[in-house]
Amino acid sequence: MNVVVIGAGGIGAFYGMILHEAGCSVKFVARGENLQYLKNNKMKVTHPVYTIEDKIDTYSLDELTQAYKPEEIDAIFIVTKAMATEAISKQLAHWVNKSKKIPYYISLQNGVENEDIMQKYYDKDYVIGGLTRLIVSHTVELGHVHCEGSVETLIGALNPNETNSKFLAALKTILDKTQTKTIICENIKLELWNKLIVNNGVNAICALLEEESGPLIRDEKTSKLIYGLMSEAAKASNAAGVNLTQEDADKMFKLYTKFQSVKPSMWVDKENNRDLELEQICGIVIKNCEKLGVDAPYTRTVSTILEFIYNRQRNK
C-alpha cells in the first residue's frame, strides 16, 4: 500500500514507521525544521520493546502534490493538530480535482469535528475516522520519537459501503502485522466522542497544573474536577446526536483511573510554545453544551484560565 502520513510528530512518526516496517511505501509530509531534518536524516521510533529506524522520503505538502498524482497514493493519514485540518483538506481537494481515483483520507487526530471538515472538501465515501488509545508518544529530539503503551487503533468509515469496507479490511491486515491492535468500528463517531470525554477530562487540566494524569485522578479534590470535565463532554455529545449518558462518563472515568499516568499532548505543546488544541477539545464541549441550553462550568473555567495564563506567557 502506498501511504502518505501528513504530520511527522509523535503519533504521525509512529504510524509512518510501523506501516513502513509492515511493508508499505511511506512518505512523510512535514514542515519547518522537522521537514529539513527528515529530508537528510533517518527517523527513529523507540518503544520499550522495539526500535524502528530508517530514512523515509519526506516532503512539504506542496512538494508532495507536485511530485505525485492522486492515483499513485492509496491512503493519506492526517496526524496534525486539529486546527490544520481545514487548510489541508482544501489543498487535497484541489489536488484530487477531476481524478478518477483518489486516496482514502484517514484522520488520527484529537477532536470530533475533523471528519466533518474533511467531508466538506473531500468525497465522503473516502473519509475514514480514526483514533489511537493506550499510547503515549512524544518527540524527544529531531528525528527521534519515543512511545509507550500497547497501542490500539480504531478506524471506521463515515459513510460505510462495500468499497471502503474492503479498504478498511486491507488496512487492518497490514496493521495486524505490527505490534499493535486494530479495531474496525461501525460507529466511529461514538468512539471519537468517548475519546473526547477522556481528552476533555485530563488534557487541559494537566497542562494548567503541569502535572501528569495519574496524581490528579488519584487526588480526592482534583479527581472531582476531572469527573466534572468528563461529565460535561458526555452531555455535549447529545447536541451532536451521539447521545452519551452520565453512565458513559462514569465508565470512562473508572477506566481512566486504571490507565498508566500520562503527560497529555496539551502540556507538551505548552512546554514547546506551540498552539494548544483548546478550541478543538474544550471549545467543542462548551459550544455543544450551549446548544443544549446549559453551561459547561468545569470546562469553561479550566480552559479559560489555561488560555489566559498561556497567552500572557507567550506575549512576554
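Position 1 is the first residue of the sequence, and the numbers go up from there. Since the model is a prediction, treat every value here as computed from it, not as a measurement.
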CG (N159) and OG1 (T163) are apart, to the nearest 0.5 Å, by 11.0 Å

Any side-chain heavy-atom pair of I6 and I88 under 4.5 Å: yes

Rounded to the nearest 0.5 Å, the CD1 atom of I197 sits from the CD atom of E232 at a distance of 12.0 Å

In this structure, OG of S107 is separated from CD of E115 (nearest 0.5 Å) by 4.5 Å

Notebook entry, point to check: Can E141 and K44 be counted as an ion pair, charged N to O under 4.0 angstrom?
Noted result: no

- Query: Does CZ belonging to R31 count more than 12 external heavy atoms closer than 6.0 Å?
  - Reply: no

- prompt: Judged by atom type as modelled, is there a donor-acceptor pair below 3.5 Å linking the side chain of N288 to the main-chain atoms of I284?
  reply: yes

Review point. Run the side chain to side chain donor-acceptor pair (under 3.5 Å) check on D125 and N164 step by step: do they pass?
Key: CA-CA 7 Å; D125 289 342; N164 56 37; 5.0 Å; no

* Asked: Is a side-chain donor or acceptor of N272 paired with a backbone partner of R274 at a separation under 3.5 angstrom?
  -> no

Regarding E53 and K42, does a basic nitrogen lie under 4.0 Å from an acidic carboxylate oxygen? no

In short, S261 meets E212 closest at the heavy-atom pair OG-OE1, 2.8 Å

Are E271 and K263 within salt-bridge range, i.e. N to O under 4.0 Å? yes

Task: Any donor-acceptor pair under 3.5 Å from T245 side chain to D248 backbone - done: yes

Would V242 and N238 count as a side-chain contact (heavy atoms from CB on, under 4.5 Å) here? Give the steps. CA-CA 6 Å; V242 175; N238 288 261; over 6 Å; no

**Request:** Dump the intermediate steps for side-chain contact (heavy atoms from CB on, under 4.5 Å) on C289 and D295, then the final yes or no.
**Result:** CA-CA 6 Å; C289 280; D295 194 14; over 6 Å; no

Quiz prompt | Side-chain ion pair, D176 and K181, N-O less than 4.0 Å | solution = no

side-chain contact (heavy atoms from CB on, under 4.5 Å) with V3: of F28, F77, Y15, only one passes, and it is F77

Exercise. Measure up the Y50 and F14 rings against each other and bin them: parallel (under 30°), tilted (30 to 60°), perpendicular (over 60°).
Key: tilted

Practice task
Kindly assign one of parallel, tilted or perpendicular to the pair Y68 and Y59, based on the angle between their ring planes and the thresholds 30° and 60°.
Solution key: perpendicular

* To do: Please answer: with hydrophobic residues joined when any side-chain heavy atoms are less than 4.5 Å apart, are V268 and I309 in the same cluster?
  => no

Taking every heavy atom of V45 against every heavy atom of C147, the minimum-distance pair comes out as CG1-SG, 3.9 Å

- How about T46 and H144: does a side-chain donor come under 3.5 Å of a side-chain acceptor? yes

Heavy-atom donor-acceptor pair, N315 side chain to N311 backbone, under 3.5 Å:
yes

All heavy atoms of E277 vs all of S265, minimum pair found to be OE1-OG, 4.5 Å

Kindly state whether the ring of F259 and the ring of Y256 have centres lying under 6.0 angstrom apart. yes

Check ion pair E247-K251 (N to O, under 4.0 angstrom)
no

(message) Looking at V262, is its backbone amide N or carbonyl O close enough to the side chain of S213 to form a donor-acceptor pair, meaning the two atoms are under 3.5 Å apart?
(response) yes

message: Membership question, hydrophobic clusters at under 4.5 Å side-chain separation (ILVMFWY): are Y121 and L92 in the same one?
response: no

Exercise for the section: Give a yes or no on whether a salt bridge exists between E21 and K177, defined as a side-chain N under 4.0 angstrom from a carboxylate O. Expected result: no

Taken to the nearest 0.5 Å, the spacing of N187 CG from K189 NZ works out to 9.5 Å

- Message: With clusters defined by side-chain heavy atoms of hydrophobic residues (ILVMFWY) lying less than 4.5 Å apart, directly or transitively, does V49 cluster with V151?
- Response: yes

For this session: Show your reasoning for whether side-chain contact (heavy atoms from CB on, under 4.5 Å) applies to L158 and Q119.
Result: CA-CA 9 Å; L158 271 291; Q119 288 184 105; 3.9 Å; yes

Whether the side chain of K120 engages the backbone of K90 through a donor-acceptor N/O pair (distance < 3.5 Å, no angle test) should be reported.
no

Legend entry - Side-chain donor/acceptor of N114 to backbone N/O of N110, under 3.5 Å: yes

- Task: Apply the test side-chain contact (heavy atoms from CB on, under 4.5 Å) to residues K235 and L292: give CA-CA distance (whole Å), side-chain angles for both, the deciding distance (0.1 Å), then the verdict.
- Result: CA-CA 9 Å; K235 184 182 295 181; L292 297 171; 4.2 Å; yes

Inset, instruction - Given side chain to side chain donor-acceptor pair (under 3.5 Å), test Q91 with D62 step by step and report yes or no. - result: CA-CA 9 Å; Q91 189 163 349; D62 284 338; 2.6 Å; yes

Review point. Would D74 and K101 pass as an ion pair if we require N to O under 4.0 Å?
Key: yes

| query | Quick check: does any side chain N or O of Q66 sit under 3.5 Å from a backbone N or O of E63, one acting as donor and the other as acceptor? | reply | no

If we ignore hydrogens and angles and just use 3.5 Å, is the side chain of T299 paired with the main-chain N or O of V285 as donor and acceptor? no

Looking only at heavy atoms, the pair that brings L278 and A204 closest together is CD2-CB, 4.3 Å

Q: Indicate whether the side chain of Q109 and that of T85 have a donor and an acceptor atom separated by less than 3.5 Å.
A: yes

| query | Taking NZ, NE, NH1 and NH2 as the nitrogens, is one of them in K270 or D275 under 4.0 Å from a carboxylate oxygen of the other? | reply | no

Is there a path of hydrophobic side-chain contacts, each under 4.5 Å between heavy atoms of I, L, V, M, F, W or Y residues, that connects I117 with L196? no

Test your reading of the model: is there a side-chain donor-acceptor pair from N40 to the backbone of Q36, 3.5 Å cut-off?
yes

May I ask you to test the T222-I217 pair for a side-chain heavy-atom distance under 4.5 Å?
-> no

Quick check: do K55 and M43 have side-chain heavy atoms less than 4.5 Å from each other? no

Partner of Y105 under ring-ring contact (aromatic ring centres under 6.0 Å, His included), picked from W95, Y122, Y126, is Y122

In short, N34 meets A8 closest at the heavy-atom pair ND2-O, 3.2 Å

#### Entry: Carboxylate-amine/guanidinium contact K287 E113, below 4.0 Å
yes

Can a donor-acceptor pair be found between the side chains of Q246 and S231 at a distance below 3.5 Å?
yes

Taken to the nearest 0.5 Å, the spacing of N199 CG from L229 CG works out to 11.5 Å

field: Hydrophobic cluster membership, M83 vs I286, 4.5 Å side-chain cutoff
entry: no

Min side-chain heavy-atom separation M266-C206 under 4.5 Å: no

All heavy atoms of T80 vs all of G7, minimum pair found to be CG2-CA, 4.1 Å

Pair Y298, N200 - check side chain to side chain donor-acceptor pair (under 3.5 Å), show working.
CA-CA 10 Å; Y298 287 98; N200 197 62; over 6 Å; no

Partner of I226 under side-chain contact (heavy atoms from CB on, under 4.5 Å), picked from T257, L216, V302, V198, is L216

Distance col, row H138:NE2 vs D269:CG, nearest 0.5 angstrom, shows 9.0 Å

